[in-house]
Structures are given as C-alpha cells and as structure tokens.
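Everything below concerns the one structure shown next.
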Amino acid sequence: MGATAAYNFIPLPDKILPADLDAYRKDLLSDDEARRHKAFRAFLNKKGNLSGHIDLDMETLTPLFIGGNGEQPFSPAGRVILPGSTIRGMVKNLLKIVSCGSWHGDEDVNDRHVYFRCLMAPNGSPAWMKDLHKLYSSRMTSMHNKKPSKNAKTGFLAKNKRGEYFVYPLLPQHAGRRILIGEYEDTFGVKVPTKAPVSSVVWRNDIAYIITGNQDKKKLKRTQAEYDAVPDFQRKKLGKQFIRYYSLHDADWSTNHRLTVPEAVLNDYVEDTNRRGVDLLDEKGHLPADKARELGAKLDADIISIVPCGYLERDGEVTAFGHGLSFRIPYENGIMDAIPANLQQDTIDFATAIFGDKERWASRVFFEDGEPEGNIEKLETATAHPLLQPNPTSYQLYLEQDGRKLKHWDAPEGVKIRGYKMYWHNKMSDWKATEDEAKLTNVVRKITPIKRGSHFHAKVRFQNLSELELGALLTVFDLAGAGETAAYKLGQGKSLGLGSVKMKATLHLDAADFYKTLFMDGTLAEQAPESDYSEYFEAFKAYIGKNGLSRCWEQTMRELAEMLDWNHADTANGWSQRVKSMSGNVQTGDVDPRFIHRDILPGVDEVYNG
C-alpha cells in the first residue's frame with residue numbers, strides 16, 4: 001500500500017518569482033531609513049493605486065478547533081470568533097505557494113538540525129538502518145591504529161547564572177567507570193526500572209549514576225566475577241549489563257579546559273521533540289552548585305548547577321550532548337541545507353512585498369476577525385488524538401527520494417525537501433483519542449471544537465497594491481479554477497481532519513461606484529464586466545510566464561487544487577484510508593510496519609488519483 005499520511009507536499013518552484021516591488025530592492029534593503037522610505041513611496045506612486053477589501057463568507061465543513069482552555073473554544077469577549085491572525089497565516093502561506101515565494105530560516109521554516117540515533121543494525125536489517133547505523137557509528141567513534149576509539153566523551157554539563165552552559169570534561173583515566181546493574185541493585189537495595197521512564201540521573205553523595213535502562217532479569221550477571229567468566233564472543237548476547245558512574249573528583253574543573261555549549265546547539269537540543277528520557281536542561285537531575293562544592297567540585301563562581309552528560313566536541317566547542325554515551329546526535333546538515341540556494345536569495349517575493357518586511361516597510365493587507373453568524377454551537381469537550389507536529393526525522397516522508405537508496409539529511413549526494421506541507425481534507429476523521437492515547441497526558445489535551453455548519457464573516461482589507469500584487473492575492477481565493485470544490489484548512493487540528501472551511505470571496509475596490517465580485521468558481525456577478533475582473537489574474541499569470549515559471553506554476557496550482565478538493569474526500573473511494581496517518585507511537589507499542597521499512601510517501605497526484 002505504501003506510506004500514508006494526513007499531509008502531503010506542494011513542490012518547490014524552480015526559482016523565486018520577484019514581485020514588481022523587487023525593482024526597488026537595492027534601496028529597500030538599504031540601512032538608510034530615508035532611502036528606504038523614498039523608494040517605497042516611489043513604488044506606491046507609480047503602481048500602488050488599488051485599495052479595497054475582500055469579504056469572506058465562511059462555513060465550517062468539519063468541526064473546527066482554533067484554540068481555547070479545553071472547556072471553551074476560542075471566545076474572547078464572550079463569543080466564538082475566528083482570529084484574524086489565523087486567517088492571515090493561512091493566506092500568507094498560500095500566497096507563498098501560488099506566487100513562487102522565497103524561503104528564509106526561522107521565517108518560512110523552523111531552521112534546525114534534526115536528531116537521530118541508530119545503535120544497531122542486526123543481520124537482516126533494512127538497508128536504510130544499516131546506512132544510518134554506519135553514519136551514527138562514524139560520528140560516535142573513530143579508528144586509531146585500526147582500533148575503534150570513542151569520539152563521544154563524558155563530563156558534567158554546567159549552567160551559570162546567565163543561562164549559559166558549559167561542559168567540564170572528565171579526566172581521561174576516570175572516564176570509563178561502570179558497575180554491573182545487578183551489583184548496583186544489591187549494593188543500594190533498589191531495582192533499576194524496566195518500564196518507562198527507565199532513564200535517570202541518581203546522585204549518591206559525590207557520585208552520579210547514569211541510568212539508561214535495564215534488560216531482561218534472566219540475563220543479568222549479579223557479580224563482576226560471573227560476568228568475567230562469560231567468554232568474549234558471548235557477552236554481546238547478554239544485552240545491557242552496566243551502569244556508568246562519575247565522581248565529582250573525576251572531573252577537570254579548570255576554567256581554561258571547560259567547553260562552551262553554543263546557543264545553536266542548545267536550541268537544536270530543545271527542538272528534538274522525539275527525544276525521550278532524561279532532559280539535561282530540565283533541572284530535575286541537576287546537583288546545585290553549592291552542594292557540589294561541598295562535595296569537592298571546584299566549580300567556577302558563576303555556576304549554579306551541574307549534571308553528568310555525554311558529549312561531542314570540535315575546536316573547543318560542544319557540537320552535541322545527551323544522557324549517557326549513546327545519545328541522540330544531530331545530522332550535520334540543517335533543514336535549510338535541503339532548500340535550494342536559489343530559493344534563499346534576498347529577492348523580494350510577493351508575500352514579503354504585500355505582508356511587509358519588519359522595520360523596512362509595513363504590511364498593506366489587514367485581517368479582521370471572523371465574526372459569527374447566529375449562535376455557534378460547540379461539541380462536547382473531549383481528549384483529542386495527539387496533535388501531530390512536523391517530524392522531519394522521518395526523512396523518507398519529508399525529503400525527495402529517487403526510488404533507490406533512501407536519502408537522509410546528510411546523504412553525500414545532497415537532498416531537497418519535498419515542498420510546502422499541507423493537510424488533506426478527511427470527512428471521516430475521528431479526532432477523539434483512544435483509551436491508550438488518553439493515558440499519555442504529556443502529549444494529549446482536551447479540546448472543544450465548534451460544530452460543522454458554523455458560519456463566519458470576515459474582511460481582508462488592502463491598501464495601495466499594484467495590479468500584479470492584487471492578482472497574486474486574489475489567486476489565493478481562486479486557485480486557478482478549483483471552483484466550488486475548493487475548501488481551506490484552518491486551526492490547530494488540521495492533522496486530525498479538523499478545520500476544513502469553505503470560503504466565498506467577494507472583491508470590493510475603493511473606486512467611485514465600482515466594485516467587482518469574485519466567486520470561488522471564477523465567475524463574475526452580472527453587474528461587473530468580466531474584462532474588468534479578469535485583468536488582474538491575466539496580468540499576474542502573464543507575469544509568471546514572462547519569468548519562465550509557467551510549467552512549474554501550473555503543476556503547483558493543479559496539485560494545490562487537488563489537496564483542497566473537498567468533494568474528492570469521499571468515503572466511497574476509500575479516501576480516508578489513503579490519507580490516514582500511520583501509527584508510530586512507541587510509547588504504546590503501536591508502530592506501523594511501514595515506519596519500520598521506511599516506505600516512501602507518494603506524491604499529491606498519486607494519492608489524489610489513487
């Protein structure tokens with residue numbers, strides 16, 4: 001059957017389509033405020049002569065969840081509304097797509113390094129696992145005199161008063177201390193857990209024990225003598241037998257030898273939402289610095305707490321860190337490295353031109369809240385399936401593949417993301433959590449969606465747009481003839497099948513006794529001649545062709561129309577199964593075999609045409 005998902009990707013354009021404002025780029029990107037202001041005014045005086053508003057009549061086709069406290073939907077001032085910011089986010093994202101926009105880190109994508117770990121690749125493992133294991137092993141170890149040597153080292157992660165982090169390394173002669181799990185349990189009269197959570201840091205006076213889990217009790221050797229009696233070739237079959245531990249007296253507390261943890265490395269660690277077990281930035285396992293000093297640690301005066309860690313370093317800086325010595329590490333390439341360089345240029349695209357560029361020039365489009373029509377009814381509050389977050393660790397879904405060897409983020413030949421992520425409509429989606437999911441209180445929440453069939457009215461106001469800019473903006477509400485079948489996605493529950501919304505857009509230009517009416521099927525109201533209405537679309541489309549983007553733009557518009565086709569989301573053609581998220585919840589043990597085999601996600605056309 002292949003991989004299935006509630007989402008898919010609209011392909012990236014061949015290049016950025018420059019807005020007509022881009023002709024003033026040199027002046028607009030200047031540090032001289034007066035120069036920027038003069039250039040922007042010159043553009044408006046020459047081309048920015050269109051102002052008005054777009055009326056939006058909206059109807060929810062599925063339940064809709066914007067936000068709220070669990071018991072109530074989003075309802076400031078005592079009434080349910082659709083926030084203008086939510087509509088704005090949807091329109092800007094679609095405008096980026098339909099106008100071949102640029103990509104910039106931390107603006108268009110969460111630019112970070114994806115983490116991974118692959119400890120083993122037993123005989124019979126899939127090829128992708130062997131490849132990932134080879135990569136992981138090469139990063140964590142290196143070869144010296146034909147013998148493996150650990151790149152991963154051990155030390156103490158320290159936090160100072162300013163929220164900065166450093167690593168104090170262990171002295172080499174003390175880096176390999178360990179105790180048999182059985183001996184640890186006998187010595188301290190405790191049991192090392194075998195069920196989640198299994199990882200922890202346990203401080204016993206000046207010694208930190210790094211608990212990373214247990215194995216089958218039948219395999220455990222209780223004493224060192226019993227373990228030593230096992231032949232070398234059989235020890236690997238015993239599984240995990242030891243707990244590592246470090247004393248405060250084992251570390252090098254010299255200020256000159258401590259390693260800086262860069263902010264980017266900290267941010268990547270925080271963003272690794274797939275990490276389970278010990279969070280080294282959570283102070284739960286930290287030893288307060290005052291206590292550590294009493295026990296013999298010669299800490300710098302600004303340090304407030306410490307915790308044992310494993311780490312990798314380069315040129316005096318930590319490049320990765322984690323719990324134990326087999327921690328998750330980042331790919332060297334970040335997400336932005338998978339986006340073509342020609343899409344990261346400082347070309348002013350249409351979304352930036354219209355929505356503004358921070359302090360350089362202001363937005364010329366403004367979104368009012370969607371006001372309800374009549375009484376908006378809500379569904380019963382219930383626990384929802386976990387709201388799915390972007391999971392680029394599943395590179396077989398997020399990166400373009402060529403059907404041969406699977407490409408991960410550090411593939412030698414380079415990789416490219418599949419495009420803009422969007423969610424399918426699903427008429428039969430059940431958003432309520434199962435009993436097992438409801439027990440996972442850290443990843444589920446109670447929500448109160450509003451019912452399908454709810455109606456809202458909103459306005460999108462615009463000022464001083466050029467003909468090309470207005471054509472690009474109106475394309476968002478027309479989708480190249482998608483017509484009455486198109487519906488949009490709003491809110492936080494898109495991954496659960498929530499948030500499908502029908503929109504009817506009506507254009508009103510601020511000109512004397514002049515307005516035009518735009519319907520979703522691209523027709524005109526009788527009172528406005530078609531030529532008056534179509535000129536903005538035709539001008540924008542011609543501009544796309546002039547810039548050599550017609551072919552990829554037409555593919556974009558076709559696949560976008562397919563993803564937003566509400567009528568196609570019909571139960572009769574098995575649609576709900578084709579857009580169903582695969583289960584990959586290791587916490588419940590419910591892992592789809594397609595995750596294990598890393599099945600590739602089919603493209604939009606293939607899913608749509610089934």
Please indicate whether E263 has more than 12 foreign heavy atoms, meaning atoms of other residues, nucleotides or ligands, lying under 6.0 Å from its CD.
no

Got a salt bridge between E400 and K407, using NZ or NE/NH1/NH2 to carboxylate O under 4.0 Å?
no

Polar side-chain atom of R452 near backbone of T60 as donor-acceptor pair, under 3.5 Å:
no

Among R88, K459, R461, exactly one meets salt bridge (charged side-chain N to carboxylate O under 4.0 Å, His left out) together with E368. Which residue is that?
R461

Got a donor-acceptor contact below 3.5 angstrom from the D32 side chain to the A34 backbone?
yes

Is the CG atom of D31 crowded by more than 12 outside heavy atoms at less than 6.0 Å?
no

Apply the salt bridge (charged side-chain N to carboxylate O under 4.0 Å, His left out) test between D27 and each candidate in R41, R35, R360; give the one that qualifies.
R35

Between F350 and V98, does the side-chain contact (heavy atoms from CB on, under 4.5 Å) criterion hold? Intermediate values first, please.
CA-CA 10 Å; F350 278 91; V98 303; over 6 Å; no

Hey, which of L21, L29, I348 is the one that makes side-chain contact (heavy atoms from CB on, under 4.5 Å) with D357?
L29

Tell me if the aromatic rings of F116 and Y331 count as close, with their centers under 6.0 Å from one another.
yes

NZ/NE/NH1/NH2 to OD/OE distance under 4.0 Å, E377 and K451
yes

Assess the residue pair W103 and L12 against the criterion (side-chain contact (heavy atoms from CB on, under 4.5 Å)); give the C-alpha distance rounded to whole Å, side-chain angles, the decisive distance to 0.1 Å, and a yes or no.
CA-CA 10 Å; W103 284 68; L12 298 177; 3.4 Å; yes

As an exercise, state the distance from CG of N426 to OG of S495, rounded to the nearest 0.5 Å.
11.5 Å

Determine yes or no for a side-chain-to-main-chain donor-acceptor pair under 3.5 angstrom, with D22 supplying the side chain and R25 the backbone.
no

Backbone of G453 reached by a side-chain donor or acceptor of E59 within 3.5 Å:
no

Would you confirm whether D272, through its side chain, and D268, through its main-chain N or O, come within 3.5 Å as a donor-acceptor pair?
no

So, the side chain of N93 versus the backbone of G89: is there a donor-acceptor pair under 3.5 Å, distance only?
no

Just by distance, do the side chain of T4 and the backbone of K580 share a donor-acceptor pair under 3.5 Å?
yes

